[in-house]
Every structure is written in C-alpha cells, then in structure tokens.
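Sequence lines set the chain letters: A, B, ... in the order given, protein chains first and strands last, and positions in each chain run from 1. Computed from heavy atoms alone, side chains included, the values below leave out hydrogens, waters and symmetry copies. Just so we're clear, the structure is a prediction, and the values are computed from it rather than from any experiment.
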There are 2 protein chains.
Amino acid sequence: MSAPGPGPPASEQELVERAEALAGRSLGDVAAGLRVPVPPDLRRAKGWVGQLVERALGADAASRDEPDFRGLGVELKTLPVDGAGRPVETTFVATIPLHLVGDVPWEGSRVQRKLRRVLWVPVEGERARPVGDRRVGAALLWSPDPDQEAALRFDWEELSGIIGRGDIESITAHLGRFLQVRPKAAHSRVRRTAIDAEGEVTRTMPRGFYLRTCFTAEILRQHYRLAP
Amino acid sequence: MSAPGPGPPASEQELVERAEALAGRSLGDVAAGLRVPVPPDLRRAKGWVGQLVERALGADAASRDEPDFRGLGVELKTLPVDGAGRPVETTFVATIPLHLVGDVPWEGSRVQRKLRRVLWVPVEGERARPVGDRRVGAALLWSPDPDQEAALRFDWEELSGIIGRGDIESITAHLGRFLQVRPKAAHSRVRRTAIDAEGEVTRTMPRGFYLRTCFTAEILRQHYRLAP
DNA sequence: ATGGATCCAGTGATGGATCCAT
DNA sequence: ATGGATCCATCACTGGATCCAT
C-alpha cells in the first residue's frame, strides 16, 4: 500500500529544496503522504527510514549499483542522530568485492565513488522515540574536503591492502580511524566466495565498509558551525 | 498454505515405489494430500505440475544446480501427454551459459548431466481437462541408450559449436533433430550478457536447450513396448 | 504443429541500514 | 560505546515448465 512519490529532481538545487521542505516534518507525516505504513520499531525494518526518504526525495536508482540520484551523481544517506544532533550509528558505505585480489586504486573505488557527493539527511534516531514521531533534520549536501579525502584514502588503502593480500579473515572492526570493515549479511552463517592469502578459493562472511560515527559527527559539526 | 511432503527417497527403488504409488491418482488428489491449492489452469502457473510432483516424491534440490534427487543423482521431469500417451510439449533441459565461449565437451556439459538419469512422469496434459482432474501416469526411470546418447551428442555439438563461436543470434528452433535451442525468459525484452563472434560483450535473450516431442515420444514408446 | 513468447516460485546478491550483548 | 550480528525490500537469475499466434 503506497503512493509513487515525486520523479527524480532535475538539479542539485531542486534536490536541496525538496530536502528543505522535509526538514522539521515527522516520519509519520512523511509516510502518510506517501501512503506508507509506519512500523512499530525498526528491529524488523532496518532500512525503512532510508527507503522512505529516498521515495520522498525522488531517488531513482532503486537498488542498483549507481548513485541514488542518477542524473545528479548524488548519493543519499540518512543519519540517525540523538537529541544533541550526534550520530548514534555508523554509516554503511559499500560492500567489498572479495573475489578481486590485488591493489585497487582509491580513485575509482566503490568507497570513493559513493562518498564523492552525498546528501546527508539527519533523522532523530533515539530508540525510545516512536518511529512515526521522529523528525527529519536539515539536510546537508557534502563532498569531502581535501583533509577528509586524504584521511579516508589512508584508511582505505590500509584496509583494502589487507583484503587484496587475501587476509580478510584477519580484519576486525578495530582497524581504521574513520573507515572500518564489518560484516554485511543477513546472518553470520552467510558465506561468499573469496580468495585467501595462498590464492585458494575460500568461503568467508560478506563484509562492508562503514564510516565511524566520529567521522559523520565531524561533517555535521563542520556544517552547523559554518552555517548556524 | 501447504504441507511438507516426504523427505528424500533413500534409493532409486524407493523413488520408483513412490512414483508407482502416484500412478493413476489425479493431480487434485495429490495436491489435496499436500495441502496445495489447485490453479484453474496453467496459464499463470506453468511449472505447477512439476513442482507438485517434486514435493510428492520428496525432491530436495529446491532450485539449485544439482539433480532433483541429490543423493541419487536423478533428475525429475514431468511430461504432459495427450489421450494416446504422446507428449504434447517439448521438454526444457537446461539454460545456456552465454558468457562461456569456445568448445565445451559433451561429457560434463549441463545437458549431458541433466539427462544422465531421469525419472519421467507422464501427466495428462490436455488443455480442455481441468487441472485437478488430470491423472498421473506410470513413471519411467531412464538413461539414454548408446544410440540416443550419440544422437543427443550430435545435436549438442552442432548447437554448442555455433554458440561457442558467438553466433547465438543465428540459432533458431529449427536446428537440431532432437535437441533444439529456444528462448528461456520471463518475456522477450529480457537480455543477458554474452560474447559475440567478434569477441565483443553484447546483450542477448537468454536461451535454453529443449527436447523435441519426437524424442520423448520415443522414450515412452520404447518403454511401453518393452514393458507392457 | 511448433517456434517464439511467456509465467511463477525460490534462492542469492545487493542496497537500505539498525540491533544488542558485552 | 561499539564490534559483530542481524533484518527487510528489491532485483537478477534459475528451475519448474506451458501458452498461443501463425
């Protein structure tokens, strides 16, 4: 049961205007406008907020390996925040192609492409608050500044180097200052084909790159200090 | 709404016994035993008969690229027949991996593996007869005799040779005496990655190998002449 | 009669993320 | 606080085949 929502925005400006129109509204309100039912909590609907905001803004890439707004090259990320506006969760960036071995340049990597241009949409994310009552915050169209890109690149080269050598099993979420590697699967019995350090085919848990909250917190802090 | 059905049979003998117990029963009767609803016709339920018989006999490979009865290495094929016991449709055997170029030996090919050992289950298939009233016939556990295997191999080498050279687009269903190549897709706009004769990546319609009715008719004729 | 077109169910991969035990 | 585990939607593909215009 749901209504189609708008078509894709024609420009970054139009996208930002739509996001501004969303700011301050509750998720229940936005969902009602799209005829989308609101789940009681997110335990069984973990991507619900992101998918709702995609539809509200007219994202058109529907689960493809392309930017959410294809014409604009912009990626959409909702960001759950606490009462003080600090991120309460890490942010998933991209899955890791485990069958590719060897060095992959940062430029052109899936992580670099995903983070080239992002519309961050903060959303109240405190567990205690009913999902429908949570409000959308002021969105922020962002690209990494040179320092941020250098920091991401540093983490990425460390982690992807380990993966490229076939040492994926040695990676824990402790590695990486801003970017980390964690499982990305339906459950812990899921296995995916990979190549180990001896060059043998093996089965391992699918993993993804995530941004730590300290990184996304800095993006928000930067923005709200510069544009209060 | 449906019941589980039996576990996998432990031997070919047990499989054949189960099939014998099915012979003469109507599809409606079999479906009722498994708590499976009967569709009004097969236009919107094309694989329904095959899936029903799979469950009734305890097939366990559930859509995987393995024999339907994994422990036994036996493939199950239902065969729609007319009042005189002649097949009314071709029989799908296997999809064609279009990204593989070059010669593939018959031995070890998907077609050869699928047809190595088959339990054929004739089922009344006349359109006019209501689905629930159609009866299951006497099953037949079959392997190709040397002449049949040679004939299949001949067709397969001709067709797979054309495919291996990248000339898939030139193949029509007219080619092949017993084995033919036809589309295998949800509809005619579906495209799959393939390699053309120039070695270029291209998009073409997915196709599969099918047995002509003259081949399956001969299998039935042979059997019922030898074991009347 | 049959070559080309089509239809459903189920699995696996990916994109959307958040949960929760420690 | 957070590392490891988990959950839904959707798409692509495969296996089960039959439909239907000519």
Which residue lies more 5' along DNA chain D, comparing A:Arg44 with A:Ile171 via nearest heavy atoms
A:Ile171
What contact category does B:Arg86 fall into here, base, sugar-phosphate, or nothing, at under 4.0 angstrom with non-hydrogen atoms?
nothing
Side chain of A:Pro183 only, please: which of C:dG16, D:dG3, D:dA5 is the nearest?
D:dA5
Please state whether the phosphate of D:dA5, meaning OP1 or OP2, lies under 4.0 angstrom from any side-chain nitrogen or oxygen of A:Arg189.
no
Should A:Ser188 be listed as having a side-chain N or O under 4.0 Å from OP1 or OP2 of D:dG4?
no
Looking at A:Arg177 and A:Glu158, is there a salt bridge between them, counting it only when a charged N and a carboxylate O are closer than 4.0 Å?
no
Residues in side-chain contact (heavy atoms from CB on, under 4.5 Å) with A:Asp29, at least two apart?
A:Arg25, A:Ser26
Base of C:dG16 paired with side chain of A:Lys184 (donor-acceptor, under 3.5 Å):
yes
For residues 35-61 of chain A, the ring-ring contact (aromatic ring centres under 6.0 Å, His included) pairs (sequence neighbours left out) are none
Answer yes or no: is there an ion pair linking A:Arg117 with A:Glu75, defined by an N-O contact shorter than 4.0 Å?
no
Could you grab the distance from atom CD of A:Gln180 to atom OG1 of A:Thr90, nearest 0.5 Å is fine?
5.5 Å
Please determine, by modelled atom types, if B:Thr95 and B:Arg110 share a side-chain donor-acceptor pair under 3.5 angstrom.
yes
Return the value, rounded to whole Å, for the distance between atom CD of B:Glu66 and atom P of D:dT14.
15 Å
For DNA chain C, what dot-bracket results from Watson-Crick or G-U pairs at under 3.5 Å, with [ ] for crossers and | for inter-strand partners?
||||||||||||||||||||||
Are B:Thr204 and B:Glu169 linked by a side-chain donor-acceptor pair shorter than 3.5 Å?
yes
Below 4.0 angstrom, which residues in residues 172-181 of chain A have at least one non-hydrogen atom near DNA chain D?
A:Thr172, A:Ala173, A:His174, A:Gln180
Gap between atoms CD1 and C1', on A:Ile168 and D:dG4 respectively (whole Å):
14 Å
B:Lys114/B:Glu66 ion pair, N-O < 4.0 Å:
no
Solution key, residues 49-61 of chain B side-chain donor-acceptor pairs under 3.5 Å, sequence neighbours excluded:
| unit_1 | atom_1 | unit_2 | atom_2 | d |
| --- | --- | --- | --- | --- |
| B:Arg55 | NH1 | B:Ser2 | OG | 3.4 |
| B:Arg55 | NH2 | B:Ser2 | OG | 3.3 |
| B:Arg55 | NH2 | B:Ala3 | O | 2.3 |
| B:Asp60 | OD1 | B:Arg70 | N | 3.1 |

Under a 3.5 Å cutoff, is there a donor and acceptor pairing between the side chains of B:Arg203 and B:Thr193?
yes
Separation of B:Phe69 atom CZ from D:dG16 atom C1', in whole Å?
13 Å
For atom CD of B:Glu75 and atom C1' of D:dG15, their distance in whole Å
9 Å
Measure from CZ on A:Arg207 to C1' on D:dA5 and round the result to the nearest Å.
12 Å
Presence of salt bridge, A:Asp82 and A:Arg86, under 4.0 angstrom
yes
Mind calculating the distance between NE2 (A:His187) and C1' (C:dT14) to the nearest angstrom?
15 Å
Which atoms of nucleotides 18-22 of chain C (N or O only) lie under 3.5 Å from a protein N or O atom, and what are those distances?
| unit_1 | atom_1 | unit_2 | atom_2 | d |
| --- | --- | --- | --- | --- |
| C:dT18 | O2 | A:Lys46 | NZ | 3.1 |
| C:dT18 | O4 | A:Arg182 | NH2 | 3.4 |
| C:dC19 | OP2 | A:Arg127 | NE | 2.4 |
| C:dC19 | OP2 | A:Arg127 | NH2 | 3.2 |
| C:dC19 | O4' | A:Lys46 | NZ | 3.4 |
| C:dC19 | N4 | A:Glu89 | OE1 | 3.2 |

To the nearest 0.5 Å, tell me how far B:Phe215 CZ sits from B:Gln148 CD.
4.5 Å
Send over the distance from A:His99 NE2 to C:dG12 P, rounded to a whole Å.
18 Å
Nearest-nucleotide wise, let me know which of B:Val93 and B:Arg191 is further upstream toward the 5' end of DNA chain D.
B:Arg191
For B:Ala94, answer base if it contacts any base atom (sugar-phosphate contacts may also be present), sugar-phosphate if it contacts only those atoms, and nothing otherwise; contact means non-hydrogen atoms under 4.0 Å.
nothing
If I take atom CZ in residue B:Arg110 and atom P in nucleotide D:dG16, what distance separates them, rounded to the nearest angstrom?
11 Å
